[in-house]
Enquirer: 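The structure is given below, and queries will be raised subsequently.
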Amino acid sequence: MSAAAGLPLTGRKILVAVGGGIAAFKAVLVVRELQRRGAKVRVAMTKAGARFVGPVTFSGLTGEPPHLDLWNPGYAGELHVELGGWADAIVVCPATMNLMARAAHGFADDVVLATLACARGPVLFAPAMHARMWERPANQRAVAQLEADGGHVVGPVVGLLASGESGAGRLAEPETIVDAVERLFGEGAAPRQRDLEGKHVMISAGPTYEDLDPVRYLGNRASGRMGFALAAAAADRGASVTLVAGPCELRTPAGVERIDVRSARQMELAILERMGASDAIVMAAAVADYRPARFSEGKIKKGDQPLQLTLVRNPDILAGLGQARRGPTPVLVGFALETENVLAHARLKLERKGVDLVVANHPEDGFGGDENVVSLVDAEGDEKLPRLTKRAIGDRIWDWVAQRLP
Ligand code: C5P
């Protein structure tokens, strides 16, 4: 196998555990891609998984029948102990709601669950399900539990679902899943992933809501996903993380201190209070530029005349941080979302707001969902990154920040 030497996964033993969902057919592509990158692959399937994709396909690809049955009398030994001990890493693909709920509770009553319970190395879950299932609190609790227990999760992404609807629940692309497997062993992964140990970072995320009266507000459509991904990435790299979040219903990443705020002024207060304790601040929030000049204590009544709202400027939190900073820390990072002259505007923002790095979105390359195309713009120049998940963009931002921290 000298041809495989030097491939990113050469010498790695990966168990692909196939759950019972329509996306199971993509597990075939994941097996292929793992092999193409040099890995030795074995397969285990739940009973439901084997109803969606034929075990013979995996036999043909891996040269070994997939493991389906914990109770095979022809197997002398403890199959789950052998498989869990063999695998350098396990990829659960697709990870269904049922499978994750059971794994989160330590169920071990089929070959996949028992092997997960015996895993020696890291476990990566690649969830796929209908968006309503993905968002279900029981599912979110299970995912949070798996992550808190040291599991890794890739996806799901927003896109076309088996039902024909669109939403968050689509399996990440096979290449993205295998990229995530590579990162489990990434070059110098351990030291790099702890390179923010002892540092305190603060991240803002989500929209702000500016109240008009007790029931109405002005808001925007920011999802908060970029800021939450940044927080998760920083926590994984050993930082102590404060996440100042505008209104959004995302799950707090494990190990992150979350402060919920509503308006731009509340966000500013929360951030200024903690500025002195921060080594780096990343403003990923979509802060409202304006707020109603006056808040009406009672619900605004409708009338026959047009209603005029007067708006006043909100504080620019990031610019305020740039002005208040004395010395090189906190390192300051801002985001820029423009529809034209993206890089020129980002550079202006860098200078006007007195920040160290501006992450500029390229909306022409597609915007929103779990992936983006961005450029990193700093005093020295700019670098356009390929299309990446928000988590991967987060890691690239922390790579940049980590190099600048004293
Ligand atoms: O000026 P613009 O809104 O395009 O700049 C975006 C960057 O500035 C983002 O990082 C955002 O979080 C931050 N910002 C802020 N306070 C505002 C508006 C934007 O900190 N009032």
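When a ligand or atom number is given, it counts from 1 through the structure's own listing order. Note: hydrogens, waters and symmetry copies are ignored here, and every other heavy atom, side chains too, is used.
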Enquirer: Does any donor atom in the side chain of D399 or Q403 lie under 3.5 Å from an acceptor atom in the other side chain?
Expert: no

Enquirer: Between T329 (side chain only) and D279 (backbone N and O only), is there a donor and an acceptor less than 3.5 Å apart?
Expert: no

Enquirer: Tabulated below should be the N or O atoms of ligand 1 paired with protein N or O atoms at under 3.5 Å; can you produce that?
Expert:
from	atom 1	to	atom 2	distance (Å)
ligand 1	1 (O)	K353	NZ	2.8
ligand 1	4 (O)	K349	NZ	2.5
ligand 1	5 (O)	K353	NZ	2.9
ligand 1	8 (O)	K353	NZ	3.0
ligand 1	10 (O)	M283	O	2.7
ligand 1	10 (O)	F335	N	2.8
ligand 1	12 (O)	M283	O	3.3
ligand 1	12 (O)	A285	O	2.7
ligand 1	16 (N)	I317	N	3.0
ligand 1	20 (O)	I317	N	3.4
ligand 1	20 (O)	L318	N	2.8
ligand 1	21 (N)	P315	O	2.8

Enquirer: When you measure from the side chain of N220 to the backbone N and O of A286, does any donor-acceptor pair fall under 3.5 Å?
Expert: yes

Enquirer: For a quick test of your reading: what N or O donor-acceptor pairs under 3.5 Å do the side chains of residues 125-138 make, sequence neighbours left out?
Expert:
from	atom 1	to	atom 2	distance (Å)
H130	ND1	R132	N	3.0
H130	NE2	E165	OE1	2.9

Enquirer: Let me check something: any side-chain donor-acceptor pairs from residues 61-68 under 3.5 Å, sequence neighbours excluded? List them with distances.
Expert:
from	atom 1	to	atom 2	distance (Å)
T62	OG1	F58	O	2.8
T62	OG1	E64	N	3.3
T62	OG1	E64	O	2.9
E64	OE1	R42	NE	3.3
E64	OE2	R42	NE	2.9
E64	OE2	R42	NH2	3.2
E64	OE2	H67	NE2	2.8

Enquirer: Excluding sequence neighbours, so at least two apart, what forms side chain to side chain contact (heavy atoms under 4.5 Å, CB included) with D356?
Expert: R325, V331, L332, W400

